Amino acid sequence: MTSKIIANPSPEARRASLLSAFHPRSVVMFGASDNPNKIGGRPLKFFRQCGFSGLVTPIHAQRPEIQGYQTAASIEAVAQPPDLAIVALPGELAIDSVRSCAKAGVRNTIVMSSGFGETDAAGKAMQQRMLQAASEAGMRIIGPNTQGMANFSNGMVASFSTMFIEASPMDGPVAIVSQSGAMSVVPYGLLRQRGIGVRYAIATGNDADVTVCEMAAAVAHDPALKLMLLYLEGIPDPWHLAEAAAVAREQGIYMIALKAGRTPAGQRAASSHTGALANEDRVVDAFLEAHGIWRVNDMLELVAAVEVYLKHWAPKGKRLVAISNSGAACVQAADAASQRGMTMASLAPKTLEGLAAILPKFATITNPIDITAALLSNPNLFGDILPVIASDPASDGFIIGLPVAGEGYDMASMAEDAAELCRSTGKPLAIAAPQASVAAYFRERGLPVFDTEMQAVNALAQLMAHQALIKDLKLRMPDAQAKAEAWRWQAQACKAELGAEPTQAARCLNEADSLALLKASGVSVVPHALVQTVQQALAWFETIRGDKSDMKFVLKGCSSQIQHKSELGLVRLDLQSAQAIEAAYEDMLRQAAKVSVQLDGVLIAQQVKARREVMIGARYDPVFGTVILAGDGGLYLEAMPDSVVLLAPFDEQAIRAKLRTLRIAPLLDGVRGEPALDVAAWVQQIQCVAAMMATQLSLTQQGKAKAHLLSIDLNPLMLGAVGEPCMAVDALIWTSDWPCSDSRLSGSEP
């Protein structure tokens, strides 16, 4: 067989190669077994059972056939280079198989074997040797430590999951992409129980080469998809996930993610499970939101709203109309709507008149509408009121709650009337019916059915909120691909630059240097000076005070050795006279000696008041790039945290929207006669800090290493009323020297 080795393929070639794994013309398998219940036997069973039409060749030196498939003694004996190889052999045998595939020109290899990067240092070293053999030939690896991947549209089920035996495959508009093998098939099973077809069920395992993010980007190009479900334990390459989200938005595909590892314990477990890096949870939240990916908390939430997503509904608002034969169900629907930020629509007088003419006097015609048990006596009530409700323009969606129905009710007519309401209005409709016999009537007519009113409302609320998120994203960023490319560059550069080991430990700038750097970057800072003698302090004091005898000043010990000056007794406040400053200065020197701190000088600054003390933080994340934190500040920042996370790039509108989610947001507009705070000034300072992180990465040049900003903390930032000063009075900046591998990181934009 003639092999073709492609060294260092382009990103486009890598993507094209990966896509071919979903539609292989030929497959070879190492470690094939005649036992269909073994890891090496399941894929062969599934290929035949699911109707895969490609050529399948098990590699075996002694046996002529396995499960009816003709074998080859080696991959070199296969006539043409296969599009896909499956490896189900342990340890070094797996590496040898990968090496053989690479030499033979195989484009993609699924390595099911475990014991590699998810284990110990020896396993990681083995995984690296496997990757090197593949990358030198331009071959892609899915895995190792993967359950496999399946494309149910063509029977390419290269997986050993038992779930595909328990729940028979059916093609559909849903893709499941997961780092975990089990979590790639649990949602599959839950969806198949509800009769929903799934096109892809993919597990990427250790993400050694093809990551869950890159796989999502590849799958998003399928025009038949309407929904993608993700299970993530880490986000190693967010630029690929950003690309996936951008493609999905263009294709009309919703993305829902379950990101495990919300807690430190969960993060440790995720790391040991797949060898992935579990990213900081709030940063993950910010990233997913910024790209229109809806995040859920558990596996049930991942699939809870699938039916409503697949109906192609596009509600214009969040006003609900609830209809039930139970007053309690009406109350529960109203409570659920309120909890999810939805409102019960106010029906028009004409609608109320129409309902009053149909329903008995003891029924409730205001929304939520309680038909009462009269529905059992008069089954036509349901069909009679729905056209009246349909004509009311106030509603954006409907909930029908039937906690008890069945025998004695005309369920067939009720289900058809509900389906007609949905068809005639084009508005979302969810049914709450806990009885399986009742639910079946509505499901037969393609309506989404849930057990409770809360579940039904939650599903509609999620759809509406998700659509609003994507709509807002498109309005702020018309060119979706542009942001994906920005993320791709930023994260790749960040990973290449800061993913390396630092040439020396991180170091803290003293406060004077921190304030000087901030001021040079456009941040407003308090008037201050670094002095070396008490005479210099007094001279600056007299110059700044002038004839303003009520002006107050502060002295602070300035040293790169310390980050929290007040805890060491190195801050003096409320100084108004030369005598007070002189005494405080001498006392400062004595205190520094007492706590063994070497001062770079003493910082003297004007003492300013704020209407509210707020904060801005920034750090460079080795995965996500520039991370900005903004929120309430001051002394109790750690004790009562109230902050939001922003990921660059972002605009002014995004900052303002985030600040409005703070618990202190009502205070920004002024309360009890207080003036509104200068949010615009705060936003401007945030933008300055973000720009500083982006454009001043290189502070000093030291041979082949560059000093980079690692983090910035401004707490407090003194926020005043509109027109009053907004300035930083304290600052802490950390830097470190890192190897410079990309000339673009010298501060220029891509």
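The chain is numbered in sequence order, starting from 1. Everything quoted here is computed from the prediction, not taken from an experiment.
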How far apart are the closest heavy atoms of [X] and [Y], and which atoms are they?
X      : Y      : answer
Ala158 : Met112 : O-CE, 3.5 Å
His291 : Ala245 : O-CB, 3.4 Å
Pro238 : Phe287 : O-CZ, 3.4 Å
Arg663 : Pro641 : NH2-O, 2.6 Å
Leu709 : Tyr620 : O-CB, 4.0 Å
Gly292 : Leu473 : N-CD2, 3.7 Å

Distance, nearest 0.5 Å, that separates [atom1] of [X] from [atom2] of [Y]:
X      : Y      : atom1 : atom2 : answer
Met215 : Leu230 : CE    : CG    : 12.0 Å
Ser643 : Ile664 : OG    : CD1   : 10.0 Å
Ile176 : Ser184 : CD1   : OG    : 7.5 Å
Trp294 : Tyr309 : CH2   : OH    : 6.5 Å
Leu717 : Met615 : CG    : CE    : 10.0 Å
Tyr188 : Ser159 : OH    : OG    : 10.0 Å

Pick one: which of Thr146, Asp207, Thr204 meets side chain to side chain donor-acceptor pair (under 3.5 Å) with Gln179?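 Answer after filtering Thr146, Asp207, Thr204: Asp207.
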
Side-chain donor or acceptor of Asp621 paired with backbone N/O of Val627 under 3.5 Å: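 Such a contact is absent between Asp621 side chain and Val627 backbone.
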
Spell out, as yes or no, whether a donor-acceptor pair under 3.5 Å connects the side chain of Glu250 to the backbone of Ala248.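 Pair absent, no side-chain N/O of Glu250 close to backbone of Ala248.
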
Donor-acceptor pairs are to be reported for all side-chain atoms of residues 251-258 against protein atoms at under 3.5 Å, with residues two or more places apart or in another chain.
unit_1 : atom_1 : unit_2 : atom_2 : d
Gln251 : NE2    : His221 : O      : 3.4
Tyr254 : OH     : Gln467 : NE2    : 2.8

Please enumerate all residues that pass side-chain hydrogen bond (donor to acceptor under 3.5 Å, both in side chains) together with Asp222, with sequence neighbours excluded.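 With neighbours one apart ignored, the set is Arg199, Tyr200.
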
Would you say that [X] contacts [Y] through its side chain, given a criterion of any heavy-atom pair below 4.5 Å between the two side chains?
X      : Y      : answer
Ile655 : Leu646 : yes
Cys726 : Asp678 : no
His312 : Lys226 : yes
Asn108 : Leu18  : yes
Gln685 : Leu719 : no
Leu288 : Leu241 : yes

For Glu289, the option from Arg282, Arg295, Lys658 that meets salt bridge (Lys or Arg N to Asp or Glu O under 4.0 Å):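 Filter result, single survivor: Lys658.
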
Should Asp632 and Arg612 count as an ion pair when the cut-off is N to O under 4.0 Å?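 So Asp632 pairs with Arg612 through a salt bridge.
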
Can a salt bridge be assigned to the pair Arg140 and Asp209 using a cut-off of 4.0 Å between side-chain N and carboxylate O?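 Result for this pair is yes, salt bridge flagged.
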
